[in-house]
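A quick note: this is a predicted structure, and the numbers were derived from the prediction, not measured. All heavy atoms count here, side chains included; hydrogens, waters and symmetry mates do not. For ligands, and for the atoms within them, numbers begin at 1 and follow the listed sequence.
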Amino acid sequence: MQGELYIVATPIGNLEDITLRAIRILKEVDIIAAEDTRHTLKLLNHLGLSKTLISYHRHNEEIKTEELINKLIEGKSIALVSDAGTPVISDPGGEIVKAAIKNNIKVTPVPGACAAITALIASGIDAKEFTFIGFLPQNKKNRKEKLEQIKNAEITTILYEAPHKLLQTLQDLKPIVENRNIVLARELTKIHEEYITGTIEEIEKIIEIPKGEYVIIVDKNQKTKKEIQLEELNGLSIKEHYEYYKQKGLEKKEIIKQIAKDRNVNKNEIYQKFLDK
Ligand code: SAM
């Protein structure tokens, strides 16, 4: 009979944040696949467990997936854990889950701590709807696209960030989120846990050297779709603004009237610019 793959959440700081079920599964499985075996060993020692550990991290995910799938096919049961929190979420594990499903191997989630959700629930930011982005991409183009997404987000956004990149990320977010509220949830479930709330400008005055782990929560853009569109149009040159309406099929007179309205200026002012058109 084939084995079963368990995706087991572990604490994000406070070692009490592990479920009774997670402890039982870690005890019962044949193998624990861990992002950093030394790190997981500390948890196992704390729980008084001695198990076979296999390293499974970002850089060996592909090779190890095959090895672990073979073990599952042989009938071994495996628990996958990451260094902290929920595997797969900005952590390795997605590949083995996909491969297991493809091989008709049962995949069972064992839920528990997740930094994003932990941060959100005590942030005071609207949690009805949210987007989880995880770490912003480092690639310039992809990063710009994600920032643009946050700029226009009509729902809460959750980001992860490493402490040494936090100030740069806040800098990048500043023109995007303007005066929207953001919350930095720091060192969750640990001794120095704190929530820092305010605009980026306010937060920058508080944080000099970021220490520990941070989740960034960005409040939704409260502006209406119409206000956002107006801002975008007014960011264009007059010529581009004109082209925008021209492509929509508007006549010259109508376009000038509309541009004047968008920019809250007298239509003669706009008309002067297009005398030669
Ligand atoms: N899979 C994990 C989870 O969802 O809980 C997250 C792993 S990700 C590699 C690590 C990032 O999660 C950190 O850079 C930080 O943004 C966030 N994080 C993890 N533990 C945290 C904590 N105790 N307090 C604040 N943020 C934390």
Side-chain angles (χ1 to χ4, degrees), residues 5-19 21-22 25-26 32-40 42-43 46 55-61 64 79-98 107-125 127 130-138 143 146-147 150 156-173 182-197 200 203 206-207 209-218:
L5 174 66
Y6 298 91
I7 309 299
V8 182
T10 56
I12 55 169
N14 189 325
L15 290 180
E16 286 178 351
D17 292 332
I18 185 154
T19 66
R21 183 166 169 233
I25 299 291
L26 291 178
I32 298 177
E35 193 183 0
D36 180 341
T37 51
R38 283 165 308 173
H39 193 97
T40 301
K42 283 187 203 149
L43 176 69
H46 172 79
S55 113
Y56 183 89
H57 50 74
R58 212 170 299 288
H59 306 293
N60 69 7
E61 206 168 349
K64 288 288 172 167
L80 176 80
V81 297
S82 55
D83 283 354
T86 302
V88 183
I89 306 299
S90 296
D91 261 341
E95 289 310 312
I96 193 170
V97 170
K98 275 187 231 156
V107 182
T108 302
V110 183
C114 174
I117 302 298
T118 308
L120 180 65
I121 56 175
S123 68
I125 302 272
F130 58 87
T131 305
F132 173 71
I133 288 184
F135 294 97
L136 277 174
Q138 287 306 308
R143 191 173 175 95
K146 282 286 165 210
L147 288 167
I150 298 171
T156 300
T157 303
I158 308 178
L159 299 162
Y160 284 162
E161 195 45 285
H164 64 283
K165 293 187 184 150
L166 183 75
L167 293 181
Q168 181 59 56
T169 294
L170 292 181
Q171 275 299 318
D172 293 350
L173 281 168
I182 74 154
V183 174
L184 293 190
R186 173 176 173 261
E187 291 287 88
L188 293 164
T189 78
K190 303 183 199 175
I191 297 170
H192 298 294
E193 174 180 279
E194 66 174 330
Y195 280 82
I196 308 164
T197 307
I200 297 210
I203 285 179
I206 302 171
I207 302 176
I209 304 166
K211 280 194 203 117
E213 299 193 276
Y214 292 85
V215 176
I216 309 171
I217 302 186
V218 183

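The backbone and the side chain of Leu188 each have at least one atom closer than 4.0 Å to an atom of ligand 1 (non-hydrogen atoms only). Using a 4.0 Å cut-off between heavy atoms, Ala84 contacts ligand 1 through its backbone alone, with no side-chain atom that close. Heavy atoms of Glu187 found under 4.0 angstrom from ligand 1 belong exclusively to the backbone. Contacts between Tyr214 and ligand 1, counted as non-hydrogen atom pairs separated by less than 4.0 Å, involve the backbone only.
When only interatomic distances are considered, the shortest N/O to N/O separation between Ala185 and ligand 1 does not fall below 3.5 Å. The distance criterion of under 3.5 Å between nitrogen or oxygen atoms is not met by Cys114 with respect to ligand 1. For ligand 1, the polar-atom distance check against Ser82 finds no nitrogen or oxygen pair separated by under 3.5 Å. Taking only nitrogen or oxygen atoms, main chain and side chain alike, Ile12 reaches within less than 3.5 Å of ligand 1. When only interatomic distances are considered, the shortest N/O to N/O separation between Thr189 and ligand 1 does not fall below 3.5 Å. Considering backbone and side-chain N/O atoms, Thr86 comes within less than 3.5 Å of an N/O atom of ligand 1. The shortest N or O to N or O distance between Arg186 and ligand 1 is not below 3.5 Å.
Atom OG1 in Thr108 sits 7.0 Å away from atom CZ in Arg21 (nearest 0.5 Å). In this structure, CD in Glu35 is found 9.0 Å from OG1 in Thr10, a value given to the nearest 0.5 Å. With values rounded to the nearest 0.5 angstrom, Phe132 atom CZ is found 8.5 Å from Ile117 atom CD1.
Those atoms of ligand 1 that come under 4.0 Å of a heavy atom in Glu161, given as number and element, are 14 (O), 16 (O).
Contact annotation: the side chain of Leu166 never approaches that of Lys211 to less than 4.5 Å [non-hydrogen atoms, C-beta and beyond].
In this structure, Glu61 does not pair ionically with Arg58, as no charged nitrogen and carboxylate oxygen lie closer than 4.0 Å.
Formation of a donor-acceptor pair under 3.5 Å by the Tyr195 side chain with backbone atoms of Gly124 is not found in this model. When atom types are taken as modelled, the side chain of Tyr160 and the backbone of Ala116 share a donor-acceptor pair closer than 3.5 angstrom.
Within the structure, ligand 1 has Ser90 among the residues with a heavy atom less than 4.0 angstrom away.
The closest side-chain donor-acceptor pair between Ser55 and Arg38, if any, does not fall under 3.5 angstrom.
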